Peer 1: 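Below you'll find the structure I mean.
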Amino acid sequence: GFYADNGVYQTIAVDRMRRKEQREMQQEILTLLGLHHRPKPLTHGSAESASAPKFMLDLYNTLKEEDGSIDEKLFTDALKERHLNSSLGNVKTIDDADMIMSFVNHAETQRPIIRHERDRRFYFDFSEVPLEETITGAELRLYKTPVEGALPNTSFTIQVYRVEQGQDPEDKFLRIESNQTVLASMDGWILMNVTHAATLWQAFPAYNLGLFLSVHNEKGEDVHPWEAGIVGRKGADDKQAFLVSFFKTAQELHVRRTR
Amino acid sequence: AARAAKRKNLEISYPDEPLQMFAPPSYNIKSCKRKTLYVSFKALGWQDWIIAPDGYSAFYCDGECAFPLNAQMNATNHAIVQTLVHLMEPEKIPKPCCAPTKLTAISVLYFDDNSNVILKKYRNMVVKSCGCH
């Protein structure tokens, strides 16, 4: 996997390393990337079709230059542009991002804890997020399609709650994270600010019981998300809900650690 | 010591440059410049978790910082002083060092164990230019 340019416009493979050395070199690169081991993603859709990888790949392609390096100013400008309408409001928090992470919804792997939670509960695994990365913002992205036959100016109120454990093991509380009113005719991504929940889950992964979505019509009646056009688990791969989090590395300088 | 040994294994015998034999003796040494070590994530079989890029040009600086430093366009003022002192006491004082003068960032897009996707910016990762320090 290593190639050297010999200076006369010819690239040659570095094949003089023994297997053991190659493994060590791979480990060096993994460490450089801040990883302890080579990740083994359990399941992942094609980067072109699944919503979270697609969002990230688009972002990556916006940022990278021809030689694969990134212009830091371009990185900042692109993030700014993408987040002018962001739920996070404070663009400054996103400007400084050193790392952006999209989380896949793992609600289906979790034990149901709330009645009728299908397509209303979301679970994002924060257990691998390193503590030295400070969360500057996090948003839940839900895709909404237009509601057929709805009157003009009809709207829905979307509320996202953080699920919390009560004193009794069976008790669960819902704490409001954010809310937003959207028109029934809206077609696109709804961005809900969930920074507080993400920060809490990073520090205390055991407290992470996920998020709960509630949708109300103009009469204040609770409706199922699909009635408001919010794409659920059975919807298209590229419209599945996911969470995006922005991080700032606490230490600017690369710290050498004894390994 | 382990790092030095590893580096030695990575060194490649570069063929002499065509113009080298016609150059004056003082230029006969390979001057400090940027060289490429391309790390191919694809060839490493890492594409199941690294989405992009296929690999990256790690780059490194290689060559001599020899007197005179006129040929070294990126020589620092300090490098010139270091050269002069080295000439006075060649056994004791080392020559200037061929090292990066400009570094830029690279971003890597990859999956973690939970199939989450990470776009991480690594500062000072890619060598843009080399020079004598």
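Computed from a prediction, not measured in an experiment: that's the story for all the values here. A, B, ... follow the sequence lines: proteins, then strands. Residue 1 opens every chain.
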Peer 1: If you define the side chain from C-beta out and look only at heavy atoms, does anything of B:I51 sit under 4.5 Å from A:Y60?
Peer 2: no
Peer 1: Just wondering, do A:D98 and B:K120 contact through their side chains at under 4.5 Å, heavy atoms?
Peer 2: no
Peer 1: State whether the number of non-hydrogen atoms from other residues, nucleotides or ligands found under 6.0 Å of B:N77 atom CG is greater than 12.
Peer 2: no
Peer 1: Might you point out which heavy atoms bring A:E128 and B:D112 nearest each other, and give the distance in Å?
Peer 2: CB-OD2, 4.3 Å
Peer 1: Taking C-beta and beyond as the side chain, do B:I118 and A:M56 meet within less than 4.5 Å on heavy atoms?
Peer 2: no
Peer 1: Roughly how far, to the nearest 0.5 Å, is the CH2 atom of B:W49 from the CG atom of A:L30?
Peer 2: 5.0 Å
Peer 1: Check whether any side-chain heavy atom of B:L44 lies under 4.5 Å from a side-chain heavy atom of A:Q26, and answer yes or no.
Peer 2: yes
Peer 1: Return yes if some donor-acceptor pair links the side-chain N/O of B:N116 with the main-chain N/O of A:V104 below 3.5 Å, else return no.
Peer 2: yes
Peer 1: Kindly check if the number of other-residue, nucleotide or ligand heavy atoms within 6.0 Å of NE2 (B:H133) is above 12?
Peer 2: yes
Peer 1: Taking the basic N atoms (NZ, or NE/NH1/NH2) and the acidic carboxylate oxygens, is any pair closer than 4.0 Å for A:K40 and B:D48?
Peer 2: no
Peer 1: Do B:L119 and A:F55 have side-chain heavy atoms sitting under 4.5 Å apart?
Peer 2: no
Peer 1: Would a distance-only check, ignoring hydrogens and angles, find a side-chain to backbone donor-acceptor pair under 3.5 Å from B:Y122 to A:L33?
Peer 2: yes
Peer 1: Should B:V117 and A:F242 be marked as a side chain to side chain contact (heavy atoms under 4.5 Å, CB included) after you check the CA-CA gap, both sets of side-chain angles, and the distance that decides it?
Peer 2: CA-CA 11 Å; B:V117 184; A:F242 63 97; over 6 Å; no
Peer 1: For the atom pair OG (B:S115) and CG (A:N105), what is the distance rounded to the nearest 0.5 Å?
Peer 2: 12.5 Å
Peer 1: Going by heavy atoms in the side chains, are B:D113 and A:H37 under 4.5 Å from each other?
Peer 2: yes
Peer 1: Is it the side chain or the backbone of A:S127 that comes within 4.5 Å of chain B heavy atoms, both, or neither?
Peer 2: side chain
Peer 1: Is there side-chain contact between A:P39 and B:F111, with heavy atoms separated by less than 4.5 Å?
Peer 2: no
